[in-house]
Peer 1: 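Shown below is the structure under consideration.
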There are 4 protein chains.
Amino acid sequence: MVSTRQVVTRNDVSFLIVPTAELTTRRRDEIARAASSEFAEHGYHATGIADIALRLGIGHGTFYRYFQNKRDILEHVLEGVVERIGAALSSEDPESASTLTEYRAQSERIGRALCDVFIDDSELAQLFFVEGMGADQQLAERLLAAQDLFAEVGERYLRNGVERGFLRADLDIATSARAINGMIFAGALAAARMPDAAAARERWVASLTSLMFEGVSRRRPPTMGESR
Amino acid sequence: MVSTRQVVTRNDVSFLIVPTAELTTRRRDEIARAASSEFAEHGYHATGIADIALRLGIGHGTFYRYFQNKRDILEHVLEGVVERIGAALSSEDPESASTLTEYRAQSERIGRALCDVFIDDSELAQLFFVEGMGADQQLAERLLAAQDLFAEVGERYLRNGVERGFLRADLDIATSARAINGMIFAGALAAARMPDAAAARERWVASLTSLMFEGVSRRRPPTMGESR
Amino acid sequence: MVSTRQVVTRNDVSFLIVPTAELTTRRRDEIARAASSEFAEHGYHATGIADIALRLGIGHGTFYRYFQNKRDILEHVLEGVVERIGAALSSEDPESASTLTEYRAQSERIGRALCDVFIDDSELAQLFFVEGMGADQQLAERLLAAQDLFAEVGERYLRNGVERGFLRADLDIATSARAINGMIFAGALAAARMPDAAAARERWVASLTSLMFEGVSRRRPPTMGESR
Amino acid sequence: MVSTRQVVTRNDVSFLIVPTAELTTRRRDEIARAASSEFAEHGYHATGIADIALRLGIGHGTFYRYFQNKRDILEHVLEGVVERIGAALSSEDPESASTLTEYRAQSERIGRALCDVFIDDSELAQLFFVEGMGADQQLAERLLAAQDLFAEVGERYLRNGVERGFLRADLDIATSARAINGMIFAGALAAARMPDAAAARERWVASLTSLMFEGVSRRRPPTMGESR
DNA sequence: TATGAATGAGATTTCATTCAT
DNA sequence: GATGAATGAAATCTCATTCAT
């Protein structure tokens, strides 16, 4: 992703300016990616440092120049995962929508973004929901905290909708936010697992927004005439 | 915890004590319970056979008289978990409801039952969603299959509702079933984690049914005057 | 050293009373002895757990059933060493001698006892002076503390002699005790290294007592007519 | 073993660069000093090549331009240690003293010199008695050989005294030389460890000479009236 | 049948040494 | 000459599993 710039220079004339920091970062990324894949494919515990190194064609001792130990890289990997999920959730301003139509469009965008995160990197879900939760108690706590954070973001959306009057006033915001997140994650996860991910995504987004806004019951069109 | 020597000698007369098969089953159950707890508390990998044995006050060699190996018991434990979840989902007949009101009540009962499963045994969620998924690829497949099965049950409910006419005709049944399951599981999980589980359960059941049937939007009451 | 008493008994009749504690102690001793030898012969760092196990013909995993880790056994071994040296030094009562003749005889006995400790187990010196000092800072501290303790014992002897009047009143007790210990240890060490250890011992004991009491100078016989 | 590419070619002309030898020697000394300190402070095995390099602010690869390997530098360091101790012992002519007074003064000078060697460089003792003895069998042999050499020097002193008639004729020269060395080393070591090293030195020198010449017994002044 | 001592495969981690730049 | 990234041998330690008692 970054050019190598191995500006090599000789003895007395000039210097070899080693972009160590950059090189290091790149290597760390490479290793982290390899580790992600191994963890997701075979599980954290079934993955040996040697497997990660083998996948990269490096010596396994090299691993330890870039990460303290095995747990360290899991932590690093999960940080990235949480960050990416968080970024998708934060791509919109929870307080910006002022009509139900806008609000709904926004929801669809978020759903789509989240699906994309999981579709782009099909390992994310496995890492976030399974490996991270099962490998280490402390990391599990952190992931639960992240889920709480995600729920809070959801709450802000819902609260805005209630305050602006286009969501039900009696909505149990905290619970609903978590429930909706549950749906969304289930959907993103399922979509990522499907062979035709793009199509699955649209189907999920449509179903979810419909479920979220109107529920499953047959009924008359809602108050202000917003179309489904 | 249970007796050891089936053959007991008293006054030079030997007695064969019990129907061994039953005793064996009981022992297996004890061990499985102990294993469940250890797995849920400390994780599958962090749990040693010795830990399970210690919890029961038996020798760890004894474990192998009842289970082939460590994986074997995880399998056994997960089977029980899946069974219990399945039982809760199957406590109602998916085709029995003939009005939306009935249908809704049925949904609430199922939700409540499911919550109870997870609340009664707070280890279930951890085992089903985390330990089982992370410990072994093959078992993970089985759990995913179980989730598919659960989704199919959900589909039958929804299909019935659509066919009877009190659910939206345009409902994407397959997707919605999975989405709703996602919500339900998220709820059951969250409720199980709460300190006041019973109260949390009611809140969740209310929120979920409301969400599921009417969604979040503010609107006129639905066609046939169902409450709330 | 201890009989095995594997009082084995069968199924329904009687029990196998496993003298676990004793067996464990014996095994620990065996391992400790093997470790001592390996450490003394090849050095602490050059010795692998596998070497110790190999010497005993046991699996190297077995080692860890008896000792926490490699450092643990070094500690254990050194404790024994210190104890044995201490026992030799404590074999006499530092305050008991009331004449120079007695005193001198006592000194010879102690010197002889100490020599014997090192001659009996020629590894002791290596362990006490070298391996223990070089392997681990913390253990080195403990050994230095032990040396201080030994010096204190020496001081008590000297103080008694001064107080009773058969040692020079101007003796620098603290320093002399340490110097004499230095001589003694050097002697015991050298004697242990000699091929004909017993003869070497006598030569050393004679030279040391002579040096200690009269020094090297030629002179008239001391005050009260003690021989030599 | 020393420099690598002495010959540099610029524009097809070859240059032999520097008094490389001297620079190399200086560098070697620097590295040796750093290594000494690290070895003495943390132990040979606990010291990594990288630690030595870090202490000097050089790259650890550079180390290998000056020393073959880790053992090589320990050897080098120990050579220096032995040399310095030997120099102190050889600062006097073992056959020069012709009276007890002279002899005694000489002994004190040697004791003082030896103390100074150890006090000046408090690492010496640790290196000589511990690290060197524990790190490598072969080096240990060499150090023992050095101790034998030191003992021989001592023997020459004693033999001279006996021959000149101011030491006891019945002195076991070989044994006494080693015993006295033991005292001296114990003293030098203790003095080096003390906070107020200079004072400790004088105390030790006084105690040792007194012990060595007159022993601990109370007695009449020696034959020829030499003062204490 | 129950037990726990013994085992060794296998995993993690360190660090002396090499060598391209 | 200097450097430090890369390497892999080797060491420690764990724990599922076996099996004699």
Side-chain angles (χ1 to χ4, degrees), chain A residues 6-12 15-18 20 23-24 27 45-51 53 58-71, chain B residues 2-7 17 20 23-24 27 45-51 53 58-71, chain C residues 6-12 15-18 20 23-24 27 45-51 53 58-71, chain D residues 3-6 8 17-18 20 23-24 27 45-51 53 58-71:
Chain A
Q6 298 282 37
V7 183
V8 185
T9 7
R10 284 298 150 198
N11 230 347
D12 38 313
F15 329 101
L16 91 161
I17 299 166
V18 195
T20 307
L23 190 147
T24 292
R27 254 305 163 88
H45 280 105
T47 299
I49 298 299
D51 299 316
I58 64 174
H60 64 274
T62 305
F63 172 90
Y64 289 92
R65 294 182 54 74
Y66 295 93
F67 292 93
Q68 300 259 329
N69 50 40
K70 197 180 168 185
R71 191 193 182 272
Chain B
V2 180
S3 76
T4 313
R5 287 172 284 131
Q6 240 101 322
V7 182
I17 303 194
T20 310
L23 189 146
T24 293
R27 254 295 162 90
H45 279 104
T47 297
I49 297 298
D51 297 319
I58 64 173
H60 64 273
T62 306
F63 171 91
Y64 288 90
R65 302 197 132 290
Y66 296 91
F67 291 94
Q68 303 255 330
N69 52 39
K70 198 179 170 187
R71 189 190 181 277
Chain C
Q6 299 282 34
V7 183
V8 186
T9 9
R10 285 300 151 197
N11 231 346
D12 39 313
F15 329 102
L16 90 162
I17 301 167
V18 195
T20 306
L23 191 147
T24 293
R27 252 308 162 85
H45 280 106
T47 298
I49 298 300
D51 298 317
I58 64 173
H60 64 273
T62 305
F63 171 90
Y64 289 93
R65 293 182 55 74
Y66 295 92
F67 292 93
Q68 300 260 328
N69 50 41
K70 198 180 169 187
R71 191 194 182 271
Chain D
S3 76
T4 314
R5 283 176 288 128
Q6 241 102 320
V8 170
I17 304 195
V18 231
T20 308
L23 189 147
T24 293
R27 253 304 165 82
H45 279 103
T47 298
I49 298 298
D51 297 319
I58 64 173
H60 65 272
T62 307
F63 171 91
Y64 288 90
R65 302 196 132 290
Y66 295 92
F67 292 93
Q68 302 255 329
N69 51 38
K70 198 180 169 187
R71 189 191 181 276

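Proteins come first, then strands; the chains are lettered A, B, ... in the order of their sequence lines, and each starts at number 1.
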Peer 1: Which nucleotide wins on minimum distance to the side chain of A:Thr62, given the candidates F:dT17, F:dT7, F:dG1?
Peer 2: F:dT7
Peer 1: Taking only Watson-Crick and G-U wobble pairs with both distances under 3.5 Å, what dot-bracket line describes DNA chain E, where [ ] shows pairs that cross earlier ones and | shows pairs with another strand?
Peer 2: .||||||||||||||||||||
Peer 1: Distance-only, no hydrogens or angles: does the C:Lys70 side chain make a donor-acceptor pair with backbone N or O of C:Thr47 under 3.5 Å?
Peer 2: yes
Peer 1: Between C:Lys70 and A:Phe63, which residue's closest nucleotide on DNA chain F lies nearer the 5′ terminus?
Peer 2: A:Phe63
Peer 1: Let me spell it out: for each of A:Tyr64 and B:Arg65, pick the nucleotide of DNA chain E with the closest heavy atom. Which residue's pick is nearer the 5' end?
Peer 2: B:Arg65
Peer 1: In this structure, how many angstroms lie between the P atom of F:dT12 and the CD1 atom of A:Ile49, rounded?
Peer 2: 20 Å
Peer 1: Please figure out whether A:Gly61 or C:Ala50 has its closest DNA chain F nucleotide nearer the 5' end.
Peer 2: A:Gly61
Peer 1: Could you check if a side-chain atom of B:His60 sits within less than 4.5 angstrom of a side-chain atom of B:Asp51, using non-hydrogen atoms only?
Peer 2: no
Peer 1: At what distance, to the nearest 0.5 angstrom, does CD1 of A:Ile58 lie from CZ of A:Arg65?
Peer 2: 10.5 Å
Peer 1: Looking at the side chain of C:Arg27, which of E:dA2, E:dA6, F:dA2 is the nearest nucleotide?
Peer 2: E:dA6
Peer 1: Measure CD1/B:Ile58 against P/E:dG4 and give the value in whole Å, please.
Peer 2: 10 Å
Peer 1: Is there a donor and acceptor pair, one atom on the side chain of B:His60 and one on the base of E:dA2, closer than 3.5 Å?
Peer 2: no
Peer 1: In whole Å, what is the span from the NE2 atom of C:His45 to the P atom of E:dC15?
Peer 2: 10 Å
Peer 1: Please classify the nucleic acid contact of C:Tyr66 as base, sugar-phosphate, or nothing, using heavy-atom distances under 4.0 Å.
Peer 2: sugar-phosphate
Peer 1: When rounded to the nearest 0.5 angstrom, what distance separates CZ in B:Arg71 from CG in B:Asn69?
Peer 2: 8.0 Å
Peer 1: Could you measure the distance from the OG1 atom of B:Thr24 to the OH atom of B:Tyr66? Nearest 0.5 Å is fine.
Peer 2: 5.0 Å
